[in-house]
Amino acid sequence: MIQRCFQCDARYPLDEILYTCASCDGVLEIAVEAECLNRANLTGAGVWRYAPFLAVDAGDAVSLAEGDTGLHRCERLGKDLGIAELYVKNEGENPTGSFKDRGMTVGVTKAIQLGASAVACASTGNTSASMAAYGARAGLRTIVVLPGGKVAMGKVAQAVVHGAEIIQVEGNFDVAMKLVRELSLDSGEVYLLNSINPFRLEGQKTLAFEVCESLGRAPDAVVLPMGNAGNISAIWKGFREFKSAGFSQSLPRMFGAQAERAAPIVEHLGGTNESCRVEHPETVATAIRIGAPVNWTKAVTAVRDSGGRAGVVSDEEILRAQRDLARMEGRFVEPASAAPIAYLRKFGIEADTVVCVCTGHGLKDPDAILSSAPKLTQCQPTLGSIREALRL
Ligand SMILES: *Cc1c(COP(=O)(O)O)cnc(C)c1O
Ligand SMILES: [Zn+2]
């Protein structure tokens, strides 16, 4: 295995620390020769079950038992949306409550193997929550740069309790991202764990493997929210590698949902945003409030090559989808995670088996629910007044 530039195909050894290509500044990926892998070598559970596909030595893995999240059939919601077989891959079941843990177990293990003394990230919340937990487990210094305001409370609490050093800067995520990248390049001891890190994305691709193993085949379509778009890129890579290895027979179409006012990738695919940038991204789905997605070239390739599509959903549509999932299926996900359901209601997909990747747990962002919820009903402490209120 080797690091390869996604844009110009330049190659770098696995232990060279560079987050983008030295010659063209393109994003990097790990080249895996999946054809040589043997199914008998997939053993154990969770992300590290797929160690033969990962470019990081599993021997001293920093793990909190991530992966192996449920793939839940959603009959009622599926019927409502006109989809024969709808599944939710519920990434909120990971140790820190989001899919970021799949990447972080691999990324932090890599940091240890490289001899880094600190890990760092810019974050809309979940990356920092996850990095803080894995960094703590590994005994590393963890440095988090947060954009001013607009980070869900539960996620900040996680970073705090795990002992991260948290710096908040004026400006949005994209500003924070640029600064932390400079900080990492400037200091050899700080290892950057944003999704520009190709080793982190290797961990995230295991979601595709789990879906194939759970269903016994690849689904027809996979729908995801897109922020920095590392996840859609990683999962598409996973489906391709599983097929190359001969472990699955087909590939799904990949569908990406973005929020209306944070949709550079959708605009780019539609031909209206060449540079793939939005200046002031806004959405209630703070996890995808990203204006300059670092993995946009990979995401565009995933959508195009798979024959998928991308579309925008409004905040209102996202919040409705969040309620639908909670009320019809009993699953509480954060707003960004409901964007795929909103996408299905708005655009539909002609496919029988559809997997929505629900990226993070709803409890991370209770304000998104409570700020628009009706007031609680106040009652005298008597049976009569409770019955009156309930009309029972
Ligand atoms: C990070 C995150 C996303 C966005 O993932 P990208 O890889 O940046 O596209 C979506 N939802 C949740 C809950 C996240 O934490
Ligand atoms: Zn290059």
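No hydrogens, no waters, no symmetry mates; every other heavy atom, side chains included, goes into these values. Ligands are counted one by one from 1 in listed order, and the atoms in each one are counted from 1 as well.
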Is a donor on one side and an acceptor on the other found under 3.5 Å between the side chain of Lys298 and the backbone of Lys237? no
Requested in this report: For the pair Ser123 (side chain) and Ser128 (backbone), establish whether a donor and an acceptor sit closer than 3.5 Å, ignoring hydrogens and angles.
Outcome: yes
Of the protein's non-hydrogen atoms, which lies at the shortest distance from [atom], and what is that distance?
| atom | value |
| --- | --- |
| atom 13 (C) of ligand 1 | Thr359 OG1, 3.1 Å |
| atom 8 (O) of ligand 1 | Asn228 N, 2.8 Å |
| atom 7 (O) of ligand 1 | Asn231 N, 2.8 Å |
| atom 5 (O) of ligand 1 | Phe99 CZ, 3.4 Å |

Counting from 1, what ligand 1 atoms have a heavy atom of [X] closer than 4.0 Å?
| X | answer |
| --- | --- |
| Ala336 | 11 (N) |
| Gly230 | 6 (P), 7 (O), 9 (O) |
| Gly360 | 13 (C) |
| Ile288 | 4 (C), 10 (C) |

Under 6.0 Å from the six-membered ring centre of Phe255 and within 45° of its axis: does the NZ or CZ of Arg309 meet both?
no
Practice task
Give yes or no for whether the N/O distance cutoff of 3.5 Å, strictly under, is met between Glu334 and ligand 1.
Solution key: no
ang(SG Cys5, the Zn ion (ligand 2), SG Cys21) rounded to 10° is 110°
In this structure, the Zn ion (ligand 2) sits at the vertex of an angle between SG of Cys8 and SG of Cys24 that rounds to 10° as 120°
What class does the angle between the rings of Phe242 and Tyr50 fall in, given that below 30° is parallel, 30 to 60° is tilted and above 60° is perpendicular? perpendicular
Only one of Val222, Leu224, Thr69 passes side chain to side chain contact (heavy atoms under 4.5 Å, CB included) with Lys89, and that residue is Thr69
Is it true that Ala229 lies under 4.0 Å from ligand 1, counting heavy atoms only? yes
Check: of Met226, Lys364, Lys100, Glu91, min heavy-atom distance to atom 3 (C) of ligand 1 comes from Lys100
Query raised in the report: Can we say Glu317 and Arg320 salt-bridge, meaning some charged N sits less than 4.0 Å from an Asp/Glu carboxylate O?
Result: no
Q. Is Arg345 paired with Asp80 through a side-chain N to carboxylate O contact shorter than 4.0 Å?
A. yes
For Ile369, the hydrophobic cluster (side chain heavy atoms closer than 4.5 Å, chained through members) also holds Phe332, Leu363
Salt bridge (Lys or Arg N to Asp or Glu O under 4.0 Å) between Arg11 and Glu16, worked out:
CA-CA 10 Å; Arg11 315 225 156 184; Glu16 187 165 344; over 6 Å; no
